[in-house]
Amino acid sequence: MTEPVTWNYLMDMDGVLVHEEHLIPGADELLKELRDKDVPFMVLTNNSIYTPRDLRARLSRTGLDVPEEAIWTSALATAKFLDSQRPNGSAYVIGEAGLTTALHSIGYVLTDRDPDYVVLGETRTYSFEAITKAIRLVEAGARFIATNPDETGPSREGVLPATGSVAALIERATGRAPYFVGKPNPLMMRSALRALGAHSESTLMIGDRMDTDVRSGLEAGLATILVLSGISTAETADRFPYRPTRTIGSVADLLGSADQPF
């Protein structure tokens, strides 16, 4: 008889644990169960605005207790990637504290003078001047990196243009496509696996989007669980040429069997 797999959890944040800063019912109990059963977990987000410390505080306000070291952002994945590619390099950054802090932590110099990279992340205040500067630097030879390809993000007032939309503007102006580090690039998953000290064959990815979460989990060799508490519905999920390992209504459906979710 085969031994049951000891699972590690990678979980998307928005649409899985929280929805527009409100707790998704069952999320707090799931995290408690994972802790009680010593199941390692990490919360992932393509949002590069916040540092893990900021996100911990934001999650805490919703009632979720997630330690800083269990939060992995596209900004951290981007910093990890740049550190492996060109240690102690330089970058011109369009982004917020989550991205600039991650780049400073790997010893990068942030500059608009002949940088190795232009790094585009999420921000709520895209400046025409900053975008123009980025375009000119990419034209002059800086390599173009973006934290994530999401074209829009949610807000209470409606959709907001996100990193992918601004990246498309810079690409159209320069003819140079960016390298996107965040989901659905399996690089984001692999860097999270390394941070968690886990292996792909015993790790699952829980997400609410077929096009990013399930796809990146699949391409990184993970088991995948789609929750219908966020973006994807059963109907839209069925249109994709690939399937999650399991589909559930929300993380509440895992309560009581979090250590053996399949």
Minimum side-chain heavy-atom gap D259-W7 below 4.5 Å: no
Main-chain N/O of M210 paired with D213 side-chain donor or acceptor, under 3.5 Å: no
Test: R56 and E68 ion pair at under 4.0 Å: no
Hydrophobic cluster of Y126, others only, ordered by chain and residue number, side-chain cut-off 4.5 Å: Y92, I94, V118, L120, I131, I135, L137, V138, F144, V166, L169, I170
Inter-residue atom distance L222.CG - Y9.OH, 0.5 Å rounding: 13.0 Å
Validation row: M205, L218 side chains within 4.5 angstrom (heavy atoms): no
Over 12 non-hydrogen atoms of neighbours within 6.0 angstrom of CZ in R136: no
Main-chain N/O of A234 paired with D238 side-chain donor or acceptor, under 3.5 Å: no
T236 side, atom OG1; I231 side, atom CD1 - distance, nearest 0.5 Å: 9.0 Å
Minimum side-chain heavy-atom gap R53-T101 below 4.5 Å: no
Derivation and outcome, side chain to side chain contact (heavy atoms under 4.5 Å, CB included), residues Y50 and T73: CA-CA 8 Å; Y50 304 107; T73 70; over 6 Å; no
Trace of the side chain to side chain contact (heavy atoms under 4.5 Å, CB included) decision for I49 with R124: CA-CA 9 Å; I49 290 180; R124 292 287 177 261; 3.8 Å; yes
Cluster overlap L196 with L31, hydrophobic side-chain contacts below 4.5 Å: no
Any donor-acceptor pair under 3.5 Å from S165 side chain to P161 backbone: no
Nearest heavy atoms of L17 and A27, plus distance in Å: O-CB, 3.5 Å
Salt bridge (charged side-chain N to carboxylate O under 4.0 Å, His left out) involving R35 - partner list, sequence neighbours excluded: D65
Closest approach of P149 to N46 (non-hydrogen atoms, all atoms of both residues): CD-ND2, 4.3 Å
salt_bridge(K37, E33) N-O dist < 4.0 Å: yes
Under 3.5 Å side-chain donor-acceptor pair for T203 and S200: no
Main-chain N/O of L204 paired with N8 side-chain donor or acceptor, under 3.5 Å: no
Point-to-point distance, once rounded to the nearest 0.5 Å, from CG of L10 to NZ of K183: 10.0 Å
T174 and E139: side chain donor to acceptor below 3.5 Å: no
Nearest heavy-atom neighbours spanning D211 and Y242: CA-OH, 3.6 Å
E122 and T163: side chain donor to acceptor below 3.5 Å: yes
Donor-acceptor under 3.5 Å (E151 side chain, A168 main chain): no
hydrophobic_cluster_shared for L64 and I24, side chain cutoff 4.5 Å: no
Point-to-point distance, once rounded to the nearest 0.5 Å, from CG of L76 to CE of M188: 8.5 Å
Test: R209 and D12 ion pair at under 4.0 Å: no
Candidate list V227, T224, L254, test side-chain contact (heavy atoms from CB on, under 4.5 Å), partner R246, passing option: L254
Donor + acceptor pair across side chains of S191, W72 (<3.5 Å): yes
Sidechain-backbone polar pair: S232 side chain, D208 backbone, donor-acceptor under 3.5 Å: yes
Pairwise distance CG(N148) to CG(N47) - rounded to 0.5 angstrom: 7.5 Å
Stepwise side chain to side chain contact (heavy atoms under 4.5 Å, CB included) test for V214 and F240: CA-CA 10 Å; V214 172; F240 285 82; over 6 Å; no
Short side-chain to backbone donor-acceptor contact, S90 and V109, under 3.5 Å: no
Salt bridge flag under 4.0 Å for residues K32 and D28: no
Transitive ILVMFWY side-chain link V18 to I225, under 4.5 Å: yes
Derivation of the side chain to side chain contact (heavy atoms under 4.5 Å, CB included) call for E201 and V5: CA-CA 9 Å; E201 61 272 15; V5 176; over 6 Å; no
Main-chain N/O of A57 paired with S60 side-chain donor or acceptor, under 3.5 Å: no
Minimum-distance pair of heavy atoms, taken over all atoms of L30 and L255: N-CD2, 3.4 Å
Side-chain heavy-atom pair L226, I248 within 4.5 angstrom cut-off: no
Joint cluster assignment, L34 & V251, ILVMFWY side-chain distance < 4.5 Å: yes
Smallest separation among heavy atoms of M42 and A195, with atom names: CE-CB, 4.0 Å
Other ILVMFWY residues reachable from L103 by side-chain steps of under 4.5 Å: F81, L82, V93, L99, I106, Y108, L110, Y117, V119, I145, Y179, V181, L187
Backbone N/O of H19 and side chain of D14: donor-acceptor pair under 3.5 Å: no
Check: S229 side chain, S250 main-chain N or O, donor-acceptor pair, under 3.5 Å: no
Atom pair CD1/CE of I71 and M11 - distance to nearest 0.5 Å: 10.5 Å
Residues, nucleotides or ligands: over 12 heavy atoms within 6.0 Å of E129 CD: no
Nearest non-hydrogen partners of A220 and M189, listed with the distance: CB-CB, 3.6 Å
